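First up is the structure itself, then whatever we jot down about it.
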Amino acid sequence: REVSLFADAGGTHKMQFPNFCVFDEQGNLYVSDTGTSRRNTQINNPDGKIFRISPTGECELFGEGLYAANGLAIRRGESAIYVIQTVVNNLLRLEIKPDGKLGRVTVYARNLDSVPDGMAFTESGDLLVVTGLMEIIYRIRPNLAMDIFLQDANAEKLVSPANPAFGGTNLDELYITNLGG
């Protein structure tokens, strides 16, 4: 198999630490760039970015000024991308305007204790957010109500969990990576 560079910059903006990617319904690939906070978790610079790569391979800066941009998710049928800001323990909703440009940015959830990392939407539209240090999976409902979907306080099964994905025949099985083992 051949491996080749797909994208590393959008205009004059070079990717520092590409982290997570997700496709929208038009085939655009969005990539989070954690920025300098990736090098040291004590750094709290708003230099994270999101890049969009078109189906034809054109890469452009979609959004910037983010604190350790990490996990991304897109809810089916919605013109928005969700991004975790790991070092400030929150989740943003970034509107995608009809022309593909960044629209309104709002805080979708706050106080996601201990290193929120990845997330995935359920079929019903709930957003599951995995946190890495407290072994918690939060559920955020479309009405913004938030609760703990699952917690493994003794880290018996979840050990520094990171990125979730749905799989199985009916896409009703949740798979989660463990960074700690």
Side-chain angles (χ1 to χ4, degrees), residues 17-25 29-35 37-44 46 48-51 62-63 66-96 104-181:
F17 286 97
N19 189 323
F20 199 89
C21 57
V22 65
F23 283 97
D24 68 13
E25 293 176 357
L29 177 66
Y30 291 83
V31 178
S32 65
D33 179 354
T34 304
S37 297
R38 173 70 172 97
R39 291 185 200 138
N40 179 343
T41 57
Q42 301 306 308
I43 295 173
N44 199 2
K49 297 173 178 62
I50 297 176
F51 291 88
F62 176 74
L66 303 170
Y67 290 93
N70 199 336
L72 298 175
I74 295 177
R75 186 184 342 240
R76 189 176 318 139
E78 185 177 9
S79 293
I81 186 165
Y82 294 77
V83 59
I84 292 173
Q85 295 189 112
T86 296
V87 298
V88 292
N89 296 325
N90 74 6
L91 170 61
L92 300 178
R93 180 185 182 276
L94 286 68
E95 176 189 17
I96 303 169
R104 185 174 174 198
V105 176
T106 56
V107 175
Y108 191 73
R110 303 175 193 279
N111 303 318
L112 299 165
D113 288 334
S114 294
V115 190
D117 191 279
M119 60 186 155
F121 279 103
T122 66
E123 185 67 30
S124 65
D126 293 346
L127 184 57
L128 300 182
V129 180
V130 176
T131 63
L133 293 182
M134 298 296 283
E135 284 72 28
I136 295 173
I137 301 174
Y138 290 99
R139 175 178 43 206
I140 306 166
R141 299 190 186 271
N143 67 3
L144 302 182
M146 185 170 77
D147 62 3
I148 293 177
F149 178 75
L150 180 83
Q151 182 173 14
D152 185 1
N154 297 322
E156 294 172 7
K157 300 288 183 189
L158 296 177
V159 184
S160 296
N163 295 310
F166 283 94
T169 306
N170 298 314
L171 296 177
D172 59 357
E173 298 175 10
L174 184 62
Y175 293 83
I176 301 170
T177 58
N178 277 330
L179 297 176

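This structure is a prediction, so every number in the text was calculated from the model and none was measured. Atom set for the values below is all heavy atoms of this structure, side chains included, hydrogens, waters and symmetry mates excluded.
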| Does Ala145 offer a backbone N or O that forms a donor-acceptor pair with the side chain of Asn143 under 3.5 Å? | yes
| remark: CG of Asn70 to CG of Asp117, rounded to nearest 0.5 Å, is 4.5 Å
| query | When rounded to the nearest 0.5 angstrom, what distance separates OG in Ser124 from CZ in Arg139? | reply | 8.5 Å
| query | Can you check whether Leu174 reaches Phe166 side chain to side chain, under 4.5 Å on heavy atoms? | reply | yes
| Could you give the distance from CG (Leu94) to CD1 (Ile96), rounded to the nearest 0.5 Å? | 8.0 Å
| Would the Phe62 and Tyr30 ring centres measure less than 6.0 Å apart? | yes
| query | Tell me, do Leu128 and Pro164 make a side-chain contact under 4.5 Å, heavy atoms counted? | reply | no
| Counting only N and O atoms by type, is there a donor-acceptor contact under 3.5 Å from the side chain of Thr86 to the main-chain atoms of Pro116? | yes
| said: Quick check: closest heavy atoms across Arg110 and Asn90, and the distance to 0.1 Å? | reply: CA-CB, 4.2 Å
| Is Glu135 salt-bridged to Lys157, cutoff N-O under 4.0 Å? | no
| Where Arg141 and Tyr108 come nearest, the two heavy atoms and their spacing | O-OH, 3.7 Å
| note | Which of Ile136, Thr131, Asp152 passes side chain to side chain contact (heavy atoms under 4.5 Å, CB included) with Leu158? It is Asp152
| Other residues, nucleotides, ligands: >12 heavy atoms within 6.0 Å of Phe149 CZ | no
| said: With a 6.0 Å cut-off (strictly less than), is the heavy-atom count around CD of Glu173, excluding the residue itself, greater than 12? | reply: yes
| field | Least distance between heavy atoms, Asn19 atom then Ala69 atom | value | ND2-O, 4.1 Å
| message | I want to check something: taking the side chain as every heavy atom from C-beta on, are Glu95 and Glu78 in contact at a cut-off of under 4.5 Å? | response | no
| task | Check whether any side-chain heavy atom of Leu72 sits under 4.5 Å from a side-chain heavy atom of Ile81, and report yes or no. | result | yes
| note | In this structure, CG of Leu112 is separated from CE of Met119 (nearest 0.5 Å) by 9.5 Å
| Hey, does Tyr138 have a side-chain heavy atom less than 4.5 Å from the side chain of Ile148? | yes
| query | Within the side chain of Gln85, is there an N or O that forms a donor-acceptor pair under 3.5 Å with the backbone of Tyr67? | reply | yes
| field | Student check: side-chain heavy atoms of Asp126 and Pro142 closer than 4.5 Å | value | yes
| What pair of heavy atoms forms the shortest contact from Ala80 to Ile74, and how long is it? | O-CG2, 3.7 Å
| query | Which distance, rounded to the nearest 0.5 Å, do you find between the CG of Asn89 and the CG of Leu91? | reply | 11.5 Å
| Side-chain (Glu25) to main-chain (Gly77) donor-acceptor, under 3.5 angstrom | yes
| Asn163 side chain near Tyr175 side chain, heavy-atom distance below 4.5 Å | no
| query | Taking C-beta and beyond as the side chain, do Leu92 and Tyr82 meet within less than 4.5 Å on heavy atoms? | reply | no
| task | Output yes when a side-chain donor or acceptor of Asp33 lies under 3.5 Å from a complementary backbone atom of Phe17, and no otherwise. | result | yes
| Reported CE-to-CG distance for the pair Met146 and Leu127, which is rounded to 0.5 angstrom | 11.0 Å
